[in-house]
Amino acid sequence: MNQQKNADKTKKIVIDVILGLLFALLLGYAFTGGQFHEVAGIVFAAIAVIHNIVNIRWYQALKKGTYNRKRMLTTAINIVLAVDVAAILVTGILNSRYLFHTGIRISGIERIHTVLALIGLVLIVSHVLVHAFSRTKKKHRILPVVLILLVSVLAVLLDAWLLPYLKRHFKTVEIERETVISGESVDSDGRKIVTVYFTRVGNTDFDDDVDAVSGASLLLDEHEELMGNSQVIGQMIQDAVGGDMISINTKKKYPSAYSDTVSMASEEMNLQELPELMDMPEDIDAYDTVFLVYPLWWNTIPKPVEAFLNSYDFSGKTVIPIVTHGGGGAGTSVEDIKAVCGGAVVENPLEVYCDDIPYCRERVTEWLEEML
């Protein structure tokens, strides 16, 4: 009997350790890659089901006995954790780029998935510490509480600072232009189209070694040449509907370091300064439809984009925004474009999460078919 109990206990511990290691790997998706992340997520979900089957007696005992504070806390944590893991799985499937193609697009789903995962981290640690708490001497029982608080703070820092920093400064995103940009054509119905984009590439004096750590708004093609996120989206649109392309170029260049660019953009916002543009067309009278591709900076359009909009007459033209972002969606950018631009601005912009850009050509096609 004791041997069987010990064997069951060992099996549960092994399953718990595997779940913990898998969850840690899932949190490191910035480095393990999207394909591994999705496969590991499905494996995690399967082992989580096994974990619940192995612990079926806990569910059977829910209606039995009395509930003291410890049991109420344990039960609450377990139930919330189970719901959270289920929600992580559902949002992961909706956000899938490799294993599933649901066709469902929800604004901010990537951010929701990340927040649920960080909540799961806190709950898993709490789940482990509550069990450890029951085996801790009374004078040391404050330690698990302190650990839970520390892990909660760590999760917030991980989401708000560490992961974005690591992704921007240590993750190289390599693409093949033909594979990423080329796709199905979309009938433009005789429209005279121009695609206008603003990106850091062409507007930044990059250090010589920047291609080794491409970062948030940069991609590295097969020729080891830098491409901007907005540039890639712009080329996808041109490939699908044809027309001309305009790159918004500033006379004063932005700094190579991403953090310095963020600071410079913040200063431009605070001072309400519009940078001087260069190599811009004399007018855009020949076009009736303008696809405007830009990154979300400080929850709105970058000042160079505002400078472009101020430079031309958009009367009688349709302006269609496409925004790349790191979790903020379109922010207030559409409203701000309307305030500057005299043309008809489409209120249903295409919002593309930065990590999804190398995989979004099909989505761009579907969106264009709705727009045109």
Criterion side chain to side chain contact (heavy atoms under 4.5 Å, CB included) on Cys341 and Phe314, from CA distance to verdict: CA-CA 6 Å; Cys341 178; Phe314 288 87; 3.4 Å; yes
Hey, mind stepping through Thr289 and Val194 against side chain to side chain contact (heavy atoms under 4.5 Å, CB included) and telling me if it holds? CA-CA 6 Å; Thr289 302; Val194 62; over 6 Å; no
Full working for side chain to side chain contact (heavy atoms under 4.5 Å, CB included) between Met245 and Gln231: CA-CA 10 Å; Met245 182 172 288; Gln231 177 186 4; over 6 Å; no
Kindly indicate, with the supporting measurements, whether the criterion side chain to side chain contact (heavy atoms under 4.5 Å, CB included) is fulfilled by Thr324 and Ile233. CA-CA 9 Å; Thr324 64; Ile233 297 292; 4.1 Å; yes
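The distance between the ring centers of Tyr197 and Tyr294 does not fall below 6.0 angstrom.
In this structure, Phe23 and Phe44 have tilted ring planes: the angle between them lies in the 30° to 60° band. Taking the six-membered ring for Trp and thresholds of 30 and 60 degrees, Tyr312 and Phe308 have ring planes inclined between 30 and 60 degrees apart.
The 12-atom threshold is not exceeded at CD of Glu267, counting heavy atoms of other residues, nucleotides or ligands nearer than 6.0 Å. Shown here is Glu362, whose CD atom has no more than 12 heavy atoms of other residues, nucleotides or ligands within 6.0 Å.
Atom CG of residue Leu292 and atom OG1 of residue Thr318 lie 13.0 Å apart, to the nearest 0.5 angstrom. To the nearest 0.5 Å, atoms CD1 (Ile320) and CG (Leu372) are separated by 5.5 Å. Atom CD1 of residue Ile175 and atom CD1 of residue Ile181 lie 6.0 Å apart, to the nearest 0.5 angstrom. Distance check: Leu116 CG to Leu121 CG gives 12.5 Å after rounding to the nearest 0.5 Å. Annotation: the span from Cys360 atom SG to Tyr353 atom OH amounts to 14.0 Å, rounded to 0.5 Å. From Leu22, atom CG reaches atom CG of Leu27 across 11.0 Å, with rounding to the nearest 0.5 Å.
The backbone N or O of Thr300 sits nowhere less than 3.5 Å from a side-chain atom of Asp336 that would complete a donor-acceptor pair. Between the Arg361 side chain and the Glu184 main chain, a donor and an acceptor come within less than 3.5 Å of each other. For the pair Arg191 (side chain) and Asp288 (backbone), a donor-acceptor distance under 3.5 Å is absent. Put simply, the side chain of Ser188 never gets that close to the backbone of Ile193: no donor and acceptor are under 3.5 Å apart. Side-chain atoms of Ser182 do not come within 3.5 Å of backbone N or O of Thr179 as any donor-acceptor pair. Between the side chain of Ser96 and the backbone N or O of Gly92, no donor-acceptor pair lies under 3.5 Å. Although no hydrogens or angles enter the test, the distance criterion places no donor-acceptor pair under 3.5 Å between the side chain of Arg200 and the main chain of Tyr254. Put simply, the side chain of Asn52 gets close to the backbone of Ala48: a donor and an acceptor are under 3.5 Å apart. Listed for the His325 side chain is no donor-acceptor partner under 3.5 Å among the backbone atoms of Leu296.
Contact check for Thr250 versus Glu276: no side-chain heavy atoms found under the 4.5 Å cut-off. Contact of the Asp205 side chain with the Lys253 side chain is registered, since non-hydrogen atoms from C-beta on lie closer than 4.5 Å. With a 4.5 Å cut-off on side-chain heavy atoms, Lys303 and Gln272 count as touching. With contacts defined as side-chain heavy-atom distances shorter than 4.5 Å, the pair Leu274/Glu306 qualifies. Residues Leu277 and Asn249 fail the side-chain proximity criterion, which asks for heavy atoms closer than 4.5 Å. Side-chain contact check for Met236 versus Val180: some heavy-atom pair is nearer than 4.5 Å. Residues Asn78 and His127 meet the side-chain proximity criterion, which asks for heavy atoms closer than 4.5 Å. Counting only heavy atoms from C-beta outward, the side chains of Thr365 and Val186 approach each other to under 4.5 Å.
The shortest non-hydrogen separation linking Met227 to Val201 is C-CG2, 3.6 Å. In plain terms, the two heavy atoms of Asn348 and Trp367 that are nearest each other are O-NE1, 3.5 Å. Between Pro302 and Pro295, the shortest heavy-atom distance links the atoms CD-O, 3.2 Å. Between Val352 and Leu350, the shortest heavy-atom contact is CG2-CG, 3.8 Å. When every heavy atom of Thr261 is checked against every heavy atom of Pro255, the shortest pair comes out as OG1-O, 2.9 Å. The shortest non-hydrogen separation linking Gly183 to Asp239 is N-OD2, 3.1 Å.
Salt-bridge check for Asp244 with Lys192: failed, with every basic side-chain N at 4.0 Å or more from each acidic carboxylate O. In summary, Lys252 and Glu268 do not engage in a salt bridge, as defined by a charged side-chain N under 4.0 Å from a carboxylate O. The residues Lys338 and Glu347 are annotated as salt-bridged, a charged nitrogen and a carboxylate oxygen being separated by less than 4.0 angstrom.
Put simply, Leu89 and Leu99 are part of the same group of oily side chains (I, L, V, M, F, W, Y) that touch within less than 4.5 Å, one to the next. A continuous path of hydrophobic side-chain contacts links Ile13 to Leu21 [ILVMFWY only; heavy atoms under 4.5 Å]. Linking ILVMFWY side-chain heavy atoms closer than 4.5 Å, directly or via other members, places Ile50 and Ile124 in a single hydrophobic cluster. By the criterion of side-chain heavy atoms lying less than 4.5 angstrom apart, applied directly or through intervening Ile, Leu, Val, Met, Phe, Trp or Tyr residues, Met72 is grouped together with Trp58 in one hydrophobic cluster. Follow the hydrophobic side-chain contacts under 4.5 Å out from Val85 and you never reach Tyr59; the two are in separate clusters.
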